[in-house]
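Everything on this sheet refers to the single structure shown next.
Position 1 is the first residue of the sequence; numbering continues from there. Just so it is clear, the structure is predicted and the values come from calculations on it, not from any experiment. In listed order, ligands and their atoms are each counted from 1.
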Amino acid sequence: MKRVAVFPGSFDPFTKGHEDIVLRGLKLFDEIVIAIGYNSQKNKRYFEIDYMEAKINETFANIPQVSVLVYSELTAGLAERIGACAILRGLRNTTDFEYENSISQVNRDLNDKLETIFLITSPELAALNSSIIREVHKYQGDVQKYLPYAL
Ligand code: ADP
């Protein structure tokens, strides 16, 4: 049986920090499905969702074990529908921990077969943050070095 993990997020934009979590996750899972969700609290995106889906596809074009989809349902429901046994998330700091702690408990409550696996960020990528990248990009700063694809 293939072990599939879903890696959900807003990915607005997808960064080298996210790429690192996917590549390291491949040591644990046979397949990783990157799931771009509409976050109800962050409804207005900066980068178009279709554009980001295409860029993530481009990033992993040579790695068939990685795929990407867009979803607007409960992550626990999506995981069940696509046969994923785990949710993969990255942890940068205690702020991430506080947030992730409650989400992962609710997700497990919704689907008791579902575990959330956290990977601690690689130190050189720990400061990477999608909202700062959006801000730098908005004021014409160069964000290319933070992204694993050409904008
Ligand atoms: P969300 O809005 O769901 O938090 P994000 O796109 O911001 O979605 O992040 C998706 C996941 O990637 C989260 O688990 C987040 O902690 C993780 N992540 C974000 N940036 C990094 C980074 N630089 N290194 C490792 N993990 C990260």
*Crowded around R24 CZ? As in, over 12 foreign heavy atoms under 6.0 Å?*
yes
Quick check for you: to the nearest 0.5 Å, what is the distance between [X] atom [atom1] and [Y] atom [atom2]?
X: I63; Y: L23; atom1: CD1; atom2: CG; answer: 5.0 Å
X: E53; Y: K55; atom1: CD; atom2: NZ; answer: 13.0 Å
X: F7; Y: I32; atom1: CZ; atom2: CD1; answer: 8.5 Å

For ligand 1, is there an N or O atom under 3.5 Å from any N or O atom of [X]?
X: S10; result: yes
X: A126; result: no
X: R92; result: yes
X: R89; result: yes
X: G9; result: no
X: F7; result: no
X: G90; result: yes

_Exercise: do N101 and Q105 side chains pair donor with acceptor under 3.5 Å_ = yes
*asked:* If hydrophobic clusters are built by linking Ile, Leu, Val, Met, Phe, Trp and Tyr wherever their side-chain heavy atoms come under 4.5 Å apart, do I56 and Y51 end up in the same one?
replied: yes
*Which residue from M52, H18, E19 reaches closest to atom 9 (O) of ligand 1 through any of its heavy atoms?*
H18
*If you count the atoms of ligand 1 from 1 in the order shown, which ones are under 4.0 Å from a heavy atom of E100?*
14 (O)
*Which ligand 1 atoms are under 4.0 Å away from a heavy-atom of D96?*
16 (O)
*For L69, what are the other residues in its hydrophobic cluster, where any two members join if their side-chain heavy atoms are less than 4.5 angstrom apart?*
V4, V6, V33, Y71, L78, I82, I87, L114
*Which part of I21 is near ligand 1, with near meaning a heavy atom under 4.0 Å away: side chain, backbone, both or neither?*
side chain
*Enumerate the residue pairs fulfilling side-chain hydrogen bond (donor to acceptor under 3.5 Å, both in side chains) with a member in residues 137-151, sequence neighbours excluded, ordered by first and then second residue.*
Y46-H137
